[in-house]
Amino acid sequence: MLKVDNLSVVYGAHRALQDISLYLEKGEIAVILGANGAGKTTLLKTISGLVQPQAGARISVNDQDITGMPAHKIVEAGIALVPEGRGIFGALSVAENLELGAFGKQAHKGQKQRLKLVHEIFPKLAERSSQIALTMSGGEQQMVAIGRALMSNPQFLMLDEPSLGLSPLLSADLFKSLTAIRKTGVGILLVEQNAKQSLAIADRAYLLETGNIIGQGKAADLANDPAVQKAYLGGASAK
Amino acid sequence: MSFIINGLLLGGTYALIAVGLTLQYGVARIMNLANGENLVFACFMAFWLYTAFAINPILGIVIIAPMAFVINWLIYSYAMRPLVNRSKTSGQLEVNSILATFGLLFILKGLMKFSFGGGYFTYNYLAEGISIFGHNYGLNRVVAFIAAAVIAGTLYLFLNYTRYGTAIRAVAVNPTSASLVAINVPRASAFAFALGGALTAASGALLSSFYTFHADMGMDFTMKALVIVIMAGVGDVRGAVLAALMLGLTETAIATFVDPGLTAAGTYGLFILVLLFRPQGIFGRSNS
């Protein structure tokens, strides 16, 4: 289990996150919904070690404390992040991007099988193996980013707005592949603006507003909650 | 015709120092104005090894390059890392590192002047002719070129076909993402900085076999390397080799057909043209 307790983050005088606590089980999808500036990206960055939390926070993976560890150690502990804007290595080939995903020693064993799995989930990556990643379309680059994260043999995968900039058709494909990844036993923490599609595949959801968690529950319940519908689903009642 | 071969021979030695600088700048994000001092240090070491122990400069690289690697690792760890940690943006780091390495340049130059004096040095290694396509060239130059080609080729294979080499290129492209795939970015940066220094030192050892050197010349070579790196696009190893050969050819052509006094003017003329019309470098992709 990935567990976050009392996480606060301050940027200068600005408090970005306030006493956040959440958890993620293996094999489940939890989605974090919130408007721009709510602190979603900061939350994922802090769990990944790119941003340091205030004293008093505790982040753990299967009871191993990873608070304050550098980012490369946190990947080795089993947490992978697909960052906002994908963060792929544009000048490198698709194959090199995937190979680098398995750079950490936690991912050396079984690297070949995982590459096969990634190619099964995203067949396009097998076809385009030698292509320079920068020259691919947005949807394909997102596949590279997710594939690279999967290559690191994560127990928990975090994605920061993966559907951003994708057509409705492509984002439907994307959400489908996330459920395929969940089936392999990986826990997925998803940050999304696309509340409808993400609630449809998620098990649980957290509502984040100006740095605070203001609500949480089963994804199905939240999808039917009028207040949630008003705030995140454009007011249209989804009966 | 002979100017082409002369130009390529000269460009071959430029290539290693330029590749060294491009690793330091492109991966470790340090614009190292003191990089030329690695080259001068290696010239003196090669001279000393050859005259005192009869170790030839090619073999000398085996001693000199690891020494330069360690020295540069220490310079990065103790003089550069505090700047890296303190700088909030890459622009800030660039300014800080230029100022810091500019200071470092004078410290290193002073140390070398103190140790070796301000005189001109040269020694005779393979100072005989070899005929290529009917023209005579210094054998030491040809051997130095071949050694440089072997070293550059080895580096290319390392960067493109090994796990750690690929990781080094990944750090050059995107350090944040590199840390997200479990690459220890601070260590990879130190490694690239040290490797860059070692390559530059290797080029110095080769250069000393046919070039009259002195303690003051480091800056000239840093500037040449800088011109090559900007021409090639920062962090582009293959481009740096090609641009170095181009610069060697340009310099030799100007010296042969116009006037030897104008070579530096030609170099910087080329530099300004590239900056004006291809700021991302001749081989660089725009905005990558």
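Order of the sequence lines sets the chain letters (A, B, ...), proteins ahead of strands, with each chain counted from 1.
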Any donor-acceptor N/O pair, Ser177(B) side chain to Gly87(A) backbone, under 3.5 Å: yes

Gly104(A) versus Ala182(B), closest heavy-atom pair with distance: CA-CB, 3.6 Å

Other residues, nucleotides, ligands: >12 heavy atoms within 6.0 Å of Lys45(A) NZ: no

Arg163(B), CZ: over 12 other non-hydrogen atoms inside 6.0 angstrom: yes

Chain B-proximal positions within residues 107-126 of chain A [heavy-atom distance under 4.5 Å]: His108(A), Gln111(A)

Contact listing (chain B partner; residues 74-86 of chain A; heavy atom under 4.5 Å): Val75(A), Glu76(A), Leu81(A), Pro83(A)

Set of side chain to side chain donor-acceptor pair (under 3.5 Å) partners for Thr67(A), sequence neighbours left out: Asp65(A)

Side chains of Glu96(A) and Thr166(B) in contact at under 4.5 Å (non-hydrogen atoms): yes

Heavy-atom pair count under 4.5 Å with chain A, highest-scoring of Val185(B), Asn174(B), Ile183(B): Ile183(B)

Residues of residues 69-94 of chain B contacting chain A, heavy-atom criterion under 4.5 Å, by residue number: none

Per-residue contact mode, Leu92(A) against chain B (heavy atom under 4.5 angstrom): side chain

Arg169(B) (side chain) donor-acceptor with Ala91(A) (main chain) under 3.5 angstrom: no

Point-to-point distance, once rounded to the nearest 0.5 Å, from CZ of Phe103(A) to CG of Leu180(B): 13.5 Å

Tyr268(B), OH: over 12 other non-hydrogen atoms inside 6.0 angstrom: yes

Stepwise side chain to side chain contact (heavy atoms under 4.5 Å, CB included) test for Asn184(B) and His72(A): CA-CA 6 Å; Asn184(B) 184 339; His72(A) 65 269; 3.5 Å; yes

